[in-house]
There are 2 protein chains.
Amino acid sequence: MDQDLQSVLLSAPLFSQLRPEQLDELVGPVDIKRYPRGTEIIRVGEPADAFLVVLSGAVKVYLLSPDGREHILHMVQSGGLVAEAAVFAQGTYPASTMATEDSTVAMVRRARVTDLLQRDPEVGLAMVAGLSRRLREFVSVIEDLSLRDVASRLARFILENSTDGRCRLPGTKTELAAQLGTVLEPLSRALRKLKERGTIDEQSGVIEVIDRDALEDLLLGT
Amino acid sequence: MDQDLQSVLLSAPLFSQLRPEQLDELVGPVDIKRYPRGTEIIRVGEPADAFLVVLSGAVKVYLLSPDGREHILHMVQSGGLVAEAAVFAQGTYPASTMATEDSTVAMVRRARVTDLLQRDPEVGLAMVAGLSRRLREFVSVIEDLSLRDVASRLARFILENSTDGRCRLPGTKTELAAQLGTVLEPLSRALRKLKERGTIDEQSGVIEVIDRDALEDLLLGT
DNA sequence: CGTTGCGTTGATCTCTATCAAAAAAGGTGG
DNA sequence: CCACCTTTTTTGATAGAGATCAACGCAACG
C-alpha cells in the first residue's frame, strides 16, 4: 500500500527533473512515521524545517479561526507533498496538517533541499515553476472567496476536478465545504440546487456533470 | 522622480543577490513605457511573457468579479515588481494591472530571467525564497477572507503595515477596502468603530495605533 | 438495537453588500 | 481667498447571502 519514496518524489512537479543520484542525495536517511487518522502532524507556527511526503493514507492542510472554523487549503493524497514551499521561506509553518486517514509520512529536512538547490540550477528552475503554479492556485482561491458565492465556488471545484464528466469528492462533504470556504449546510443546499436544475447528479460521493455549459455560466454570470 | 532600473531590481528580494554583470544580462535593452493614471497595463488572461518594474508612480494588481467588484491583490509603489511569479508558470496573467497614478514601467521578458536562472543556482535560491514569501502572504489573505470579519482584517492590515505606531494608507479608502475583500462602506464603519473605542486614531490617510494590544486581541478573539 | 458520525432540511440571526443622500475634502479657475 | 466642481467619505436604511441553531433521517458499526 505504501508508495516508494523515490518514485513519489519523481512524480512531484518540484522534483520530477532530478537524476537518480540527485534523488539519493535529496532523500538520504529519512524519518518515516505513521499517523493514525485524526492525528495532528504539523501545528501552525512550528518552525518549518522539513517538508512531508505522504506515502500512504491522506492528510489535510488547514487553517483554524479563533472560534474553531476550519479552512482546508489542500487535501493531499498518497503520493503528494506538504509544505514544500514553507520550507524555503525560513520561518514557521503557516498552516496545520492532520491525517484524515491512517497515514505514513516521510520527512525531508530543509538542509537536504537547499543543498541540492544550490548545486543544480535545473532544480531551481523546476521549483520556481512549481511554486508559481501553487501561487496561481491561491489566486483562484482568493478570487473565489472574495468575489464568488458558494454555488459558483462549487461549480468551479467540479469543473476543475472532473475527468470526463465525473468527479469523486475528496473525503466528506464537511471537508469539501471547508475547502470552499464555507460550512456543510450551505454546501448541501448549493448541491441540491444544482441537482434540481439538472446541472449535475450526485450519489454516494460521486458527482456526474450533466450540463457542463450551465456550470461554466455560473462562473461567468455571477 | 524615476528610479533607476538596476537599483530597483537590486532592492527586490528576488534579485538582490545578483552581481552587476548578471544584472546587466537580466536587464539588457528593455522597454520602458509611460502609463497615465487609470490605464490598464496588463489584462487578466493575456500570455504572461514579461514582468514589470515600476520606476515611478504606482499600480494596482487586481481581480474583477463578473458583476464588477474588484479585489486588489497588491498595490505596487515605485520600486516594486509586478508579475514576477506569473512569468515562470508559463501561461497567462492571473490578474489585471492598472496604473493608479501616472507611471513609468519597464518590461523584462521571460527569456532573460529563465536564462539567468538556468545558469546561476544562487538566483534560483533567491527566487524560491521570494516566491515562498509571497505564497505565505496569500495564505494570510485566504485566512482573512475565509475566517475573519472586516474589523479583524483591518486590524491585521494596520498591524502589518505600521512602523512604530503609524501607517499611511496606500491610496484611497475604496482601494483599501478592495484590498481587504470588502467595499468602502463596511470599511468606513469598521474604522469608525476602532476610533470610537480609542484603539486607533486616523486623519487624512494616516493611522496612528493607540492600543496595539486591542488590535492583536481582535485577531485572536474573533 | 443503541450509538456515533454525517447529511439534509428548516428557522433564525448576523454580517456585509447595496442603495441613497448628505457631508467632507480637494482641486481649479477666477 | 473664494466659489464651484469633482471625488471621496460618512452615515443611514434596506436587503441578501450565508453562518448558526435545532431537529430529524440515515447509514455504519460495535
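Just so it is clear, the model here is predicted, and its values are computed rather than measured. A, B, ... follow the sequence lines: proteins, then strands. Residue 1 opens every chain.
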Find out whether B/Arg37 and B/Thr100 are in side-chain contact, i.e. whether some heavy atom of one side chain is under 4.5 Å from a heavy atom of the other. no
N-O pairing of B/Glu216 and B/Arg212 below 4.0 Å: yes
So, do A/Arg156 and A/Ser140 sit near enough that their side-chain heavy atoms are less than 4.5 Å apart? yes
Write down the distance between CG (B/Asp67) and C1' (D/dA17), rounded to a whole number of angstrom. 13 Å
Over all strands shown, is A/Thr182 touching base, sugar-phosphate only, or nothing at heavy-atom distances under 4.0 angstrom? sugar-phosphate
In this structure, how many angstroms lie between the P atom of C/dT14 and the NZ atom of B/Lys193, rounded? 13 Å
A/Leu147 CG to C/dT18 P, in whole Å, measures 11 Å
Over its full length, what angle do the end axes of the helix from C/dC1-D/dG30 to C/dG30-D/dC1 make, each axis taken from five pairs and the result rounded to 10 degrees? 40°
So do A/Leu184 and A/Thr172 actually touch side chain to side chain, heavy atoms under 4.5 Å? no
For atom CG of B/Asp144 and atom C1' of C/dT16, their distance in whole Å: 16 Å
Heavy-atom check, side chain of B/Tyr93 versus side chain of B/Pro47, under 4.5 Å: no
Could you go through nucleotides 27-30 of chain D and list every protein N or O atom that sits under 3.5 Å from one of its N or O atoms, giving the distance for each pair?
none

Check nucleotides 9-11 of chain D against the protein and report each pair of N or O atoms closer than 3.5 Å, with its distance, or say if there are none.
| unit_1 | atom_1 | unit_2 | atom_2 | d |
| --- | --- | --- | --- | --- |
| D/dT9 | OP1 | B/Lys173 | N | 3.1 |
| D/dT9 | OP2 | B/Lys173 | N | 3.2 |
| D/dT9 | OP2 | B/Thr174 | N | 3.4 |
| D/dT9 | OP2 | B/Thr174 | OG1 | 3.4 |
| D/dT10 | OP1 | B/Lys173 | NZ | 2.9 |
| D/dT10 | OP2 | B/Ser188 | OG | 2.9 |
| D/dT10 | O5' | B/Ser188 | OG | 3.3 |
| D/dT11 | OP2 | B/Arg192 | NE | 2.9 |

If the threshold is 4.0 Å, N to carboxylate O, is there a salt bridge linking A/Arg192 and A/Glu196? yes
Please work out if A/Gly181 contacts a base, only the sugar-phosphate, or nothing of the nucleic acid, heavy-atom cut-off 4.0 Å. sugar-phosphate
In terms of side-chain heavy atoms, does B/Thr104 have a donor or acceptor partner in B/Ser56 at a distance below 3.5 Å? yes
Taking the side chain as C-beta and beyond, is there a heavy-atom pair between B/Val30 and B/Met107 under 4.5 Å? no
Can you measure A/Leu176 atom CG to C/dT8 atom P for me and round it to whole angstrom units? 11 Å
Between P of D/dA19 and CG of A/Leu145, the distance in whole Å: 11 Å
Separation of D/dA17 P from A/Arg153 CZ (nearest whole Å): 13 Å
Residue pair A/Ser152 / A/Asp149, side-chain heavy-atom distance below 4.5 Å: yes
Do the non-hydrogen side-chain atoms of B/Phe157 and B/Ser162 ever get within less than 4.5 Å of each other? no
Decide yes or no for A/Ile200 and A/Lys195: does some side-chain heavy atom of the first lie under 4.5 Å from some side-chain heavy atom of the second? yes
Rounded to whole angstrom units, what separation is found between the CZ atom of A/Arg69 and the C1' atom of C/dC15? 12 Å
